[in-house]
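These notes are about the structure you will find just below.
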Amino acid sequence: MKNLDVSSFQNDLISWFTKEQRTLPWRQDTDPYKVWVSEIMLQQTRVDTVIPYFNRFIRQFPSIDALAEADEERVLKAWEGLGYYSRVRNLHAAVKEVKEQYGGKVPDTPEAISKLQGVGPYTSGAILSIAYGVPEPAVDGNVMRVLSRILTIWEDIAKPSTRKIFEEAVRQLISHENPSYFNQALMELGAIVCTPTSPSCLLCPVRNHCQAFHQGVQTDLPVKTKNKKQKRVQLAAAILVNEEGKILIHKRPGSGLLANLWEFPNTEMIMPLRNEKEQLGDFLISEWKVEAELKDQIGQIEHIFSHLIWNINVFSGMILSDVEEQANLKLVSLKELEQYALPVSHQKMLKLYLSD
DNA sequence: GATCCGTGGCA
DNA sequence: TTGCCAAGGAT
């Protein structure tokens, strides 16, 4: 590698990680299943957020077999609040696949492991290197940031095609003696030293190898184009109770936003100027044949997703008709509701209702 | 390649 | 307050 003493770089990086790595629950051992779970949870999600979820999840589902045999409702409930719920549905499906097709052992080749649902290029490399010591690249956002600075790579890291450039770089740099620590060290460095804004270059174990530091351009890298703004969507939702005090909930479709999570009945306001309570009442009858007496609005909620914003006007009401329960439509008591995974937006609605 | 898919923290 | 993010993958 041009302008870089690879052996010295590996040594400085791995020595630093050996000494300075954070103690984390998924670093207690290298059980491929636990490495796998942690890597899925850590996708686009901060370490501090993941820690309690990881501990609970492993307690509930300690092994491939335990997770493979679990009901999806329980699995989704364990993921409630973490976001990107397709991650856990894919993990669940993939774990069943490993149990059935690989005798319960997580595959140890790039070809096999990459076929598992939810396992892309990053996760494949992470599991192979950390759990099995295979020298494969594991290029995430941290790695692209760190290496863009060390090697002064000016490609736009927001473009999917750019990842290949960094994978090629890692193949030339990775330690074959300890690929696990090499990959983890790059990510750890990105997380606690080589941060997006104001990197701590004076504390960096590899600053002598860093071209951006030498040129004083570390804050100009990486190059990353901006995201688009979220779209706003106006919703009206109802927390409806029957004469027994049971609450009406609806299971969302199996694909798309918040797939398979439960929610309070709601509908998008296509005509924002028309009376919302009327639109909501019409929706309840036409969609669910539920006649309800809606009270005045009990509040409003704004919920921000990565790509859209929900503005929800929340109503409460009494169910006047009989409800025909279906697989995706249930009446549950407040206590039973605890068994169902709700999106955070609907947890906010419930809290609003209970304090009303 | 562009878009979809969550959430909470922080400058 | 607003934007931007944080150990990505599927379509």
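Just so we're on the same page: letters track the sequence lines, and every chain starts at 1.
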What nucleic acid atoms does A/Val47 come within less than 4.0 Å of, heavy atoms only: base, sugar-phosphate, or nothing? base

NZ of A/Lys246 to CD of A/Glu325: how many Å apart, nearest 0.5 Å? 7.0 Å

State, without any angle test, whether A/Thr45 and A/Arg87 hold a side-chain donor-acceptor pair at a distance under 3.5 Å. yes

Taking the side chain as every heavy atom from C-beta outward, state whether A/Thr219 and A/Ser198 have any pair of such atoms under 4.5 Å apart. no

Residues in residues 10-29 of chain A with a heavy atom under 4.0 Å of DNA chain C, by number, are A/Arg22, A/Leu24, A/Trp26, A/Arg27

Measure the distance from CD1 on A/Ile127 to P on C/dG8 and round it to the nearest whole Å. 13 Å

If I take atom CZ in residue A/Phe166 and atom C1' in nucleotide C/dG8, what distance separates them, rounded to the nearest angstrom? 16 Å

How would you label the contact of A/Ser38 with the nucleic acid (heavy atoms, under 4.0 Å): base, sugar-phosphate, or nothing? nothing

Return the value, rounded to whole Å, for the distance between atom CE of A/Met187 and atom C1' of C/dG8. 12 Å

Nearest whole Å is fine: how far is C/dA6 P from A/Glu39 CD? 17 Å

Measuring only the P atom in each nucleotide, how far is C/dA6 from B/dC4? A whole number of Å is fine. 22 Å

Rounded to the nearest 0.5 Å, the CG atom of A/Leu331 sits from the CG atom of A/Leu329 at a distance of 7.0 Å

Without decimals, in angstroms, what is the distance between A/Leu189 CG and C/dA6 C1'? 16 Å

Ring geometry between A/His303 and A/Trp310 (parallel below 30°, tilted from 30 to 60°, perpendicular above 60°): tilted

Please work out whether the ring planes of A/Phe54 and A/Trp26 are parallel, tilted or perpendicular, with thresholds of 30° and 60°. perpendicular

Would A/Glu72 and A/Arg89 pass as an ion pair if we require N to O under 4.0 Å? no

State whether the side chain of A/Gln300 and the backbone N or O of A/Asn311 hold a donor-acceptor pair below 3.5 Å, judged by distance alone. no

Spacing of A/Gln230 atom CD relative to C/dT1 atom P, expressed in whole Å: 15 Å

Determine, for A/Lys96 against A/Glu69, whether the closest basic-nitrogen to carboxylate-oxygen distance falls under 4.0 angstrom. no

Give one of base, sugar-phosphate or nothing for A/Gln117, where a contact means two heavy atoms less than 4.0 Å apart. sugar-phosphate

When you compare B/dG8 with C/dG9, how far apart are their P atoms, in angstrom units rounded to a whole number? 22 Å

Length of the CG-P vector between A/Leu42 and C/dG9, whole Å: 12 Å

Which nucleotides of nucleotides 1-11 of chain B have their base under 4.0 Å from a protein heavy atom (B), which only their sugar-phosphate (S), and which neither (-), written as one string 5' to 3'? S-SSBBBB---

Classify the nucleic acid contact of A/Arg145 as base, sugar-phosphate or nothing, counting any heavy atom under 4.0 Å across all strands shown. sugar-phosphate

